[in-house]
There are 2 protein chains.
Amino acid sequence: MKIDKSLVSGSTTLLILGLLKSNDMYGYQMIEELEKRSQNIFTLKAGTLYPILHTLEQQGMIESYDTETESARPRKYYRLTKEGKKLLEEKQIEWKAYSSAVNQVLGGLNYAGY
Amino acid sequence: MKIDKSLVSGSTTLLILGLLKSNDMYGYQMIEELEKRSQNIFTLKAGTLYPILHTLEQQGMIESYDTETESARPRKYYRLTKEGKKLLEEKQIEWKAYSSAVNQVLGGLNYAGY
DNA sequence: CAAATATATATCGGCCATCTATATATGTCA
DNA sequence: TGACATATATAGATGGCCGATATATATTTG
């Protein structure tokens, strides 16, 4: 098996897709949710997130829709498309292989977190 | 805890230091050993490795010495310095935190490979 | 013996992901 | 009403990694 060489630096995309698996979310919410779930280890920057969202939407991996509430500021929600779900599964497999390989190189012990 | 933002893309340094933990090695050997230990998932490129080795040596994390055999091609072996060992430990902790956080974001389950 | 291939190290230019900085606009709270 | 949080957006800078290339020697193969 060959790992996509951009996996490591491209893990942000994996995380974004992972967030959308459970619920539709808007950008700002993703930043907060990611911090929360990772216990402040990931502090995704807006300047990183939004360009990725636009790219993923262009690629058909996610779809957006606006909320039409009268009170709050309009938010742009994103949801996974069928293709996006497939991409997420692929990237999850890559991540498992990658993290497992790192652990093997470092200490011999294998990844067992699933 | 704050993760070095270059961790992900900087995992190559972690892997190199990890290789040197068990034995002194020369560059070309690291490329082979890394492929072997990771079951061909990591194919470290010479153009990536050697500049990193030079940088690490400049920073005092590793030291080099040449072999003076008459038969074989001279090899430049590297060993971890005290500081290098410390750096490795730090980076290993960061890696655990990072991979654990990814797993938490993705599925909830935690890293348990150690 | 000569050619091809594997071993071994080295550097440069460029790509691409991410961050910083900045801009814009609205809702809420003191 | 001024400050701050919410919310999205983009341009420019930075930095790690790779592809290409160069050099030199040992080994294997025809």
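Keep in mind it's a predicted model, so treat the numbers as computed, not measured. Each chain gets a letter, A, B and so on, in the order the sequences are listed, and its residues count up from 1.
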Whole angstrom is fine here: how far is it from [atom1] in [X] over to [atom2] in [N]?
X: I16(A); N: dA17(C); atom1: CD1; atom2: P; result: 12 Å
X: Q58(B); N: dT11(C); atom1: CD; atom2: P; result: 11 Å
X: Y65(A); N: dA7(D); atom1: OH; atom2: P; result: 14 Å
X: L15(B); N: dG16(D); atom1: CG; atom2: C1'; result: 14 Å
X: K45(B); N: dA10(C); atom1: NZ; atom2: P; result: 19 Å
X: Y26(B); N: dA26(D); atom1: OH; atom2: P; result: 14 Å
X: I62(A); N: dT8(D); atom1: CD1; atom2: P; result: 12 Å
X: I31(A); N: dA9(D); atom1: CD1; atom2: P; result: 11 Å

Task: Partners meeting salt bridge (charged side-chain N to carboxylate O under 4.0 Å, His left out) with E63(A) (sequence neighbours left out) - done: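 Salt bridge (charged side-chain N to carboxylate O under 4.0 Å, His left out) list for E63(A), sorted by chain: R79(A).
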TODO: Taking ring-ring contact (aromatic ring centres under 6.0 Å, His included) as the test, write out the residues that go with Y28(A), two or more places apart.
DONE: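 Testing Y28(A) for ring-ring contact (aromatic ring centres under 6.0 Å, His included), a comparison that skips the adjacent residues, returns none.
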Task: Parallel, tilted or perpendicular: rings of Y65(B) and Y77(B) (30°, 60°) - done: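 Rings of Y77(B) and Y65(B): parallel, under 30°.
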Open item on the list: Nearest to the A46(A) side chain among dA9(D), dA10(C), dT9(C), which nucleotide is it?
Closed with: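 Nearest listed nucleotide: dA9(D).
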- [ ] Would you indicate which nucleotide in dA9(D), dT8(D), dA8(C) comes nearest to any side-chain atom of Y28(A)?
- [x]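 Of the options given, the side chain of Y28(A) lies nearest dT8(D).
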Open item on the list: Taking side chain to side chain contact (heavy atoms under 4.5 Å, CB included) as the definition, give me every residue that meets it alongside E33(B), ordered by chain and number, with sequence neighbours left out.
Closed with: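 Checked E33(B) against side chain to side chain contact (heavy atoms under 4.5 Å, CB included); matches are L19(B), M25(B), K36(B), R37(B).
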Open item on the list: S64(A): which residues meet the side chain to side chain contact (heavy atoms under 4.5 Å, CB included) condition with it, sequence neighbours left out?
Closed with: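 With sequence neighbours excluded, S64(A) shows a side chain to side chain contact (heavy atoms under 4.5 Å, CB included) to E57(A), K76(A), Y78(A), given in chain and number order.
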Open item on the list: Does anything in residues 47-55 of chain A come within less than 4.0 Å of DNA chain C? Heavy atoms only, and list the residues if so.
Closed with: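 Listed by number, they are G47(A), T48(A), I52(A).
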Open item on the list: Checking Y98(A) against S11(B): is there a side-chain donor and acceptor pair closer than 3.5 Å?
Closed with: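 Judged by distance alone, the side chains do pair up.
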- [ ] Can you sort out the partners of Y26(B) under side-chain hydrogen bond (donor to acceptor under 3.5 Å, both in side chains), two or more places apart, ordered by chain and number?
- [x]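 Only R75(B) meet the side-chain hydrogen bond (donor to acceptor under 3.5 Å, both in side chains) criterion with Y26(B).
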TODO: Using only side-chain N and O atoms of K76(A), determine if any of them is under 4.0 Å from OP1 or OP2 of dA7(D).
DONE: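 No.
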